[in-house]
Amino acid sequence: MHHLQQDQSNLSRTPPPRSTYTNYYPESGIRNDNSYMKRGGGGGGVGSYTINYFKKPFGCPKCGRCFTVKGNMTRHLKYECGQAPRFQCPYCEFRSKQTSNVKSHIRTKHADKTAYVLDLQYEN
């Protein structure tokens, strides 16, 4: 069994130095150096990352919210930015801009009920 164990002494949650990263999207216009906040409680312990480890290079031109994936920014801009929440829980007043958030809400808050979503845009 000893041969199956890995040497984990060199494994670390500390990211490599920033100088080792290549910006594959230089035209994306990174808005600022703020990115994901530290995971966990911070303090630099296990489960925390430095603030510059992850970048969000795709910024919404309307509100400035930044995304790591261009498709997420496009979805936000097309369906969410400046819009009222469109989807509602059929069992309470909870609303969200994404159906997945409403379904997750139903599974946790209304566990005994069927998870479906009301689309407020098409109701009259």
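Small disclaimer: the values here were computed from a predicted structure and weren't measured.
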Item to complete: Please name the pair of heavy atoms, one in Ile106 and one in Tyr91, separated by the smallest distance, quoted to 0.1 Å.
Response: CG2-CE1, 4.0 Å
Item to complete: Taking side-chain contact (heavy atoms from CB on, under 4.5 Å) as the test, write out the residues that go with Gln83, two or more places apart.
Response: none
Worksheet item: Taking all non-hydrogen atoms of both residues, which atom of Pro90 and which atom of Leu118 are closest, and how far apart?
Response: CA-CD1, 3.8 Å
Worksheet item: Hey, what do you get for NE2 (His76) to CE (Met73), rounding to the nearest 0.5 Å?
Response: 8.5 Å
Worksheet item: Taking all atoms of both residues into account, what is the closest heavy-atom pair of Val69 and Phe58, and its distance?
Response: C-CD1, 3.7 Å
Response to the item:
For Lys56 and Thr68 the tightest heavy-atom approach is CG-CG2, 3.8 Å
Discussion item. Going by ring-ring contact (aromatic ring centres under 6.0 Å, His included), name the residues that satisfy it together with Phe87, two or more places apart in sequence or in a different chain.
Written reply: none
Practice prompt. Assign the ring pair His105 / His110 to parallel, tilted or perpendicular, where the plane angle (0 to 90°) is split at 30° and 60°.
Written response: perpendicular
Discussion item. Tell me if a side-chain donor or acceptor on Ser104 pairs with a main-chain N or O of Ser100 at a distance below 3.5 Å.
Written reply: no
Fill in: Close side-chain approach of Gln98 and Arg75, heavy atoms under 4.5 Å
yes
Worksheet item: Given the rule that I, L, V, M, F, W and Y join up when any side-chain heavy atoms are under 4.5 Å apart, are Tyr79 and Val102 in one cluster?
Response: no
Discussion item. Please give me the minimum heavy-atom distance between Cys60 and Leu77, naming the atom from each residue.
Written reply: SG-CD1, 3.8 Å
Discussion item. Going by salt bridge (charged side-chain N to carboxylate O under 4.0 Å, His left out), name the pairs with one or both residues in residues 93-112, residues two or more places apart or in two chains.
Written reply: none
Fill in: Flag side-chain contact, heavy atom, 4.5 Å: Ser96 against Glu80
no
